[in-house]
Structures are given as structure tokens and as C-alpha cells.
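From a predicted model like this one, the values you see are computed outputs, not experimental measurements.
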Amino acid sequence: MRARLRSRFVAFDPGLLRLAAGLRTVGSIALTLAVLALFGADITHLVAGAMAAMVSTFAIREKQRPRQAVTLALGLPAALASVTAAALLHDHTVASDLVFVVLIFGAVYGRRYGDRGTAVGLIAFQLYFVALFVGARVEDLPWLYGAVTAAVLCGALVRFVLVPETPSGTLDRLREAFRARLAQLLAAQIDLVGAGPQDADRGLAAVREGTARLHESALLIQGRLEEGTADEALARTVQRRVADAEIAAERLGLLLLSARGSERADTLALHLPGAPAPSAGGLPVDEEASTTLRRDLAALRMLVLHPAVGGGGTGLAQVRNRLLGYREEERLPGGSPAVQDVFRGIGEAARAVLGLRTAFDGPQDGADDTPATARSREELEVEDAAIDAAEDAAEEEPTGLDRPTTRAAVQVTVGSALAIVGGELLSSHRWYWAVLTCWIVFLNTASTGEILVKGYRRLLGTVLGVLAGIVLAGIAGQHTWTAFALVLLCVFAMFYTAPLSYTLMSFFVTAALGLLYTLLHTYSLSVLVLRVEETALGAACGVIAAALVLPVPTDRRTDELLATVLRCLGEVTERAVDQLSGGPPVDLLDRARELDQALADLRAATQPLTHPVTPLRARRDTARYVVALLETCAYHARSLAATAELLPMHPSIAADPRLRGAGQRIVRNIGALAGHLAAGEEGGSVETGSSVAALLGPQAPGATRYGRVTDRVLRHVQRLDESVVGLARPLGVPVGPS
């Protein structure tokens, strides 16, 4: 039971990244408060130290520890300079406002210099805000210097000693999370095998959710490979094995659904959460075959969870050998062709798990290998030996006001100036809340629609947080350390929920601020209501600035990202099909991951269009439909890329030149879609015609069904063709016969 709960927790928080972030921040604040209390600091300086500790902790985003230390060292003088400026200008309102605006511009513009520029700018801006929050004056500077210095030093101690974060350690935890999520997906597939008609929708929803979470873990691992592995060859080995396991698990789910007798369209978007569930009955096999399927899926799940190092005995080796034997036609259990396809899928998934275990845990003992297992192991070794790192071509970056950081800096500066004016009209003492909100809604956003949605979520979280702050302030009363304990709980919850929900994060921030006002003896209902008003004002100023100053309309932003997705999709498809047709080997997995990242960016950019409160229902449905079809295209393109990478060293499959002609139509259609999005390009159309199987022509006499790569990838090519044609209607591209 304990192991199962731990596995679920690891899968829920991949790499324990959210837990570590929360503990690191709370630990920094608690240690800072303890140190300042020992020196007799008053409440004002305790609050300043706590806020400085939080800022200096979450601002650091670099992964390597030496770079984190350098950034912290640079952040300390920036923080002290900001506190000094705020104290010196306390009685000079106009000058203070101007300096605040300059700091805002610098903080946003500094993002062009990477994580370090972002962190130093963030620390400088936030510490100026902290000084305004506690009402810093010149006579307070010695204590404020001590509080800020203690906060940075305590944060460094927690980061590097008490709750250390190393790239290799994080990667190890992400590997464990990938295992846990793969095991969860297999458990959902086991339930799908035995699900009756009344449970089919629920079982399919679990498979979809598990597939999406597995893909999330794979992308997280991809982002940590470079820093978390000893060399580039090992990084690419892990990348390949993770991709193989992910695709094999997705394919197995599709085969299971096909075996349930569903229509072809039902399996097209199996991996998409929220897609319509198929009206499938029970698995059309006898009880013995169904029991065998569940047994083998459970055995595959056991292989995933059991570490390769440390043994497992002859029993585990026998299970592995049996599953890998399904890769050979004569070892397949009896059943219909669709059910036998599932067993083949189990065999391919077992091979992917074998490679995953080798990449994660190192070489394994092959003393108990059967000939089938030995062949699979040899294939993996040949693939590993063939890994060759590829260099990415540098892309031309925009300059001037076209550069996103420069444009955002100008926008947020104008918005902050408006927020200062409006905030001063609402309150001459709390105006900075409007400025802070205006600045925050620009973080990690790139279009007017994204800023609008983020502002709405922050306002909603603030309103709910005000209500919670009233309750928490009543609980804390005049008990200082009770209030600080509740603040720490809110801070932990804020960091733990931040990647999940911006509304929840804003809720916990506002609740914590209510407690801080209580500690500073400035708490009142009117103060919390004013915070809501200033937040609404700041969000409105941000939206106004984004809409009027160098605007990036949501439509333009989504069109640009859609064009990027189509370009990546076309590159992956063309190169994969070319390699599967006998062309020279090229690097494909990196490009497949670029496609995944481009699709993730598009998904985020379409949130304003797909938000539940949007009044444009038709656009919302269209955006969801397009993204869903692109998700389907990406899945089949990833599968083609993974199979193409196996081709040069896999003894049981071979290239088929007939695929080149079949793939050309898909690539042309993708080009037509991309061309339609390009400014001024008209007249392109998407071609339809015979199925991919018809384009390939009849199979050679005597060829086994699974003996050629054409048969292995035909389904993916066919579905990719269908999905690309399906994109034509929502994008307004004409469709005509080829």
C-alpha cells in the first residue's frame, strides 16, 4: 500500500518538482525568520525578510548549481540598491514612481539575457515593491540591509544544503515519475480490457488521461537531459528510450481500442483527453484470451516498475522472455487478427521497456535470455552504437521592437504608468498593488488574449483570497507566530499549485497578504477590498497597454504558432517518410520534440479562444477542433519518426520505396495549409484521393503481414493523411481531388 501511494504521488508531481519548490521556499522563509528573531528584529523587518527570502528563492530558474550561486550573488546588490532607492525616495512621490517604472522596464527587458537577466531584474523589481509594502525609510536601512542579506544567505543555505536541487537528481526523480505514469497507463489499459459497455467511457477516459500524463513526463525529461546526464550520447540514449516507450504505450492503447470493435474514427483521437468516447461493447474474445491479455499487461506493468538492478529472479526473466516472444509470429497466442495485434503490441512494448530499463538502470544480466530476448537486446545495442549527436542550426532572431522582450517591456512600462496614475487616485498608500498586477499579467504571455485571461484569473483568485484572508486573520488574531505559520502554509500551497492553476496561486497569495497585513497591524476589510480594486485596475491597465501599444492580437499569435506547428509537422513527416523509403538516416527525435514544444505553445496561446467564458462559441469550438487534430497528427508523426530511427539497425524490418509516393501527398497538403496561413498566398488546396494503401499498390506475394516496414507504419501514414485533410475545413482551405 505504501509503495502504491508513493507511486501515485510521484506520478502526480513528476520529479517532485512542485514539492521541492514549495519546501525550498518555505524553508528559506522559516530560516530567515528564525535568524532575524534571534537578532531581535521587529515585525516590519521580519515581514521584509520573509518576502525577500521568497523572492530570492523563486526568482532563480537556472539548473546548474554554480550558475545559481552566481545569480544569487548578483541579485543581492541589486536587491540592496532597490531597497535603498525606495527608502531614499519615500517622501518624493513622483521620483519614486519614475524609478519604479524604470525598474519595471528593466525587469521585463532583462528577459532577453536569459534566466540570469530574468532573475536579477525580478529581484530588483520585487524588492523595491517590498520596501514600498513595509514603508521603508532611510532610518530603517541598516535593519533592511540585514534582513535582505539574511534572506539571501538563508535561501542559499536551503537551496544548496538543506533542500538541494541537482540536475542529475531531478532527472532521476523524473525517470521514476515516468515509470510510475507508464505503470498507471498500463493499469488503465488492463481495466479497459475487462470493461463492459457501461464502463467503457470511464475506462477510455482513464487511458486518455494516462497517455496525456505520460507525454507530459516525457517532455519534462527531455528538458532535463542535457544537464542531468554525463555525456551527450547517454542523453540521446535516454531520449530515444523514453520516446520508444511512450509511443509503444500509445500504440498499445490504440490496438486495445481497435480490438473492442470500435470504428476507425473512434481510435483517431484516443490519446486526446475530452475527445468523444466510442460506443464500444466488450472485448470480442473468449474469456481465456481476455484473461491472457490482462495477465500479460500486468506482467508488462511489473517489468516497468521493477528495477533492473538488484535482480528479480528467474521469474522476472521468464516473464520478460514470454512477452518479448510475442514479437515472433509463431509465439503469438490464438485469437482474431485484432486480438493478435494487441499481443504484438505487448511484445513491442516489452522491447521498449527493456530498452528503458537499460537506459535508466544500466546493463542487465542476459544469462536467462531466450533467443527472442537476445535478438531484442542486440537490436537495442546496435541502436545505441549508432547514436550520433546532431547540431541544431541557429535561427535568426528578431531585433528592435519586433523582439518579444523589447515589445513586452514597452507595453508593461506604459501599462504600469497608467496603473500608477489610477492607483494613486484609488489610494496614495497602496497604489503599488495595481502596478504589481499589471507587471505580473505580462509574465509568460505573448498576446492580448493571453493577458486578458491571465488578468481575469488573477482577479478571481484575488477576490476568493480576500474572503480567505478574512477568515485566516480572525484565526491568527494577535498571535505573531501563528500568523507566520499560516503564511508559510499559504506560501507552500502557492508554489505547489502554481503550475496547475494560476487562479489557485493568486488565491493563496492574497490569503497570505491578509495575514501579513495583520502582522503589520494594518489589516482591515477596507484594505482587502482596496486590494481587489487595485488588482482589477492593474489587470485593466495591462490589457489596455497590450491592446494599444505594439499589440499582438490573439489571432496573429495563434496563426504564427500554427504555422510553426505545421512547419515542424511537415519536416518530421517528410524526413521520416524519406528514411522509411530508403533515404539516408537523419536525426528525427529532436525534431519530433520540437513539434511537441510548438504544439504546447499553440495550446497555451489558444486558451483565450477556448476559455469557458468566451462569448465566441464558434471560434472556441474551431480552436479546440484544430488543436485536437494537430495532437493526432503529432502522435502519428512521432510514431513514424520512432520507427524510422529503428530502421537502420532493426533486422526484421526494411525500407520500402513505395512509401515515398504515399508520403508526398501528405507533405504537399501540409505545405498547402501552411501556405494558406502565410500573408498574401492564395489558391492552394488540399488534395484527396485514394487511400494510402491503394497508393502503395498490392503487397508482394509471399510477404508476411508484419515483415515489412510498410505494413508497420501504414496505419500511421493513413491516419496522418486523414487528419491533415481534416484540418482543411476549419482552416478554410479548399479541398479537391488529386
So, for [X] and [Y], which heavy atoms are closest and what is the spacing to 0.1 Å?
X: Ala498; Y: Met505; value: CB-SD, 3.7 Å
X: Gly49; Y: Ala151; value: O-CB, 3.5 Å
X: Gly542; Y: Val441; value: CA-CG2, 4.4 Å
X: His45; Y: Ala147; value: O-CB, 3.8 Å
X: Val412; Y: Cys438; value: CG2-O, 4.0 Å
X: Val532; Y: Val466; value: CG2-CG2, 3.4 Å

Any donor and acceptor pair, going by atom type alone, linking the side chain of [X] with main-chain N or O of [Y] inside 3.5 Å?
X: Thr518; Y: Gly514; answer: yes
X: Thr437; Y: Gly538; answer: no
X: Arg116; Y: Arg67; answer: yes
X: Lys454; Y: Tyr502; answer: no
X: Ser501; Y: Thr497; answer: no
X: Arg65; Y: Phe160; answer: yes
X: Asp97; Y: Val94; answer: no

Taking atom [atom1] of [X] and atom [atom2] of [Y], what is their separation to the nearest 0.5 Å?
X: Glu165; Y: Thr170; atom1: CD; atom2: OG1; value: 4.5 Å
X: Leu98; Y: Thr93; atom1: CG; atom2: OG1; value: 11.0 Å
X: Leu452; Y: Tyr456; atom1: CG; atom2: OH; value: 10.5 Å
X: Glu560; Y: Thr564; atom1: CD; atom2: OG1; value: 7.5 Å
X: Arg430; Y: Ser526; atom1: CZ; atom2: OG; value: 9.0 Å
X: Leu132; Y: Leu127; atom1: CG; atom2: CG; value: 11.0 Å

Using side-chain heavy atoms (C-beta onward) and a distance below 4.5 Å, is [X] in contact with [Y]?
X: Met54; Y: Met494; value: yes
X: Thr32; Y: Leu46; value: no
X: Val47; Y: Met51; value: yes
X: Val130; Y: Val83; value: no
X: Thr510; Y: Val463; value: no
X: Phe58; Y: Leu122; value: yes
X: Trp433; Y: Leu537; value: no
X: Val491; Y: Phe508; value: no

Query raised in the report: Should Val549 and Arg407 be marked as a side chain to side chain contact (heavy atoms under 4.5 Å, CB included) after you check the CA-CA gap, both sets of side-chain angles, and the distance that decides it?
Result: CA-CA 9 Å; Val549 181; Arg407 181 176 59 244; over 6 Å; no

Query raised in the report: Run the side chain to side chain contact (heavy atoms under 4.5 Å, CB included) check on Ser28 and Val163 step by step: do they pass?
Result: CA-CA 10 Å; Ser28 299; Val163 189; over 6 Å; no

Query raised in the report: What residue pairs, at least two apart or across chains, pass salt bridge (charged side-chain N to carboxylate O under 4.0 Å, His left out) with a residue in residues 144-159?
Result: none

**Report entry** Summary of salt bridge (charged side-chain N to carboxylate O under 4.0 Å, His left out) pairs that have at least one residue in residues 501-510, sequence neighbours excluded
**Finding:** none

Regarding [X] and [Y], do their side chains bring together a donor and an acceptor under 3.5 Å, going by distance alone?
X: Glu62; Y: Thr71; value: yes
X: Thr25; Y: Thr57; value: no
X: Thr118; Y: Tyr113; value: no
X: Ser96; Y: Tyr128; value: yes

Query raised in the report: Below 6.0 angstrom between ring centroids: does that apply to Phe129 and Phe100?
Result: no

Report task. Can you sort out the partners of Arg112 under side-chain hydrogen bond (donor to acceptor under 3.5 Å, both in side chains), two or more places apart, ordered by chain and number? Result -> Tyr109

Requested in this report: Check whether NZ of the Lys or CZ of the Arg Arg18 lies under 6.0 Å from the centre of the six-membered ring of Tyr496 and within 45 degrees of that ring's axis.
Outcome: yes

Query - Verdict with reasoning, Phe125 to Phe105, per side chain to side chain contact (heavy atoms under 4.5 Å, CB included) - result: CA-CA 9 Å; Phe125 166 76; Phe105 179 87; over 6 Å; no

Report task. Take Leu519 and Leu516, measure what side chain to side chain contact (heavy atoms under 4.5 Å, CB included) needs, and give me the verdict at the end. Result -> CA-CA 5 Å; Leu519 290 168; Leu516 292 178; 4.1 Å; yes

Query raised in the report: Between Tyr145 and Thr84, does a side chain to side chain donor-acceptor pair (under 3.5 Å) hold up when you go through it step by step?
Result: CA-CA 9 Å; Tyr145 289 160; Thr84 302; 2.6 Å; yes

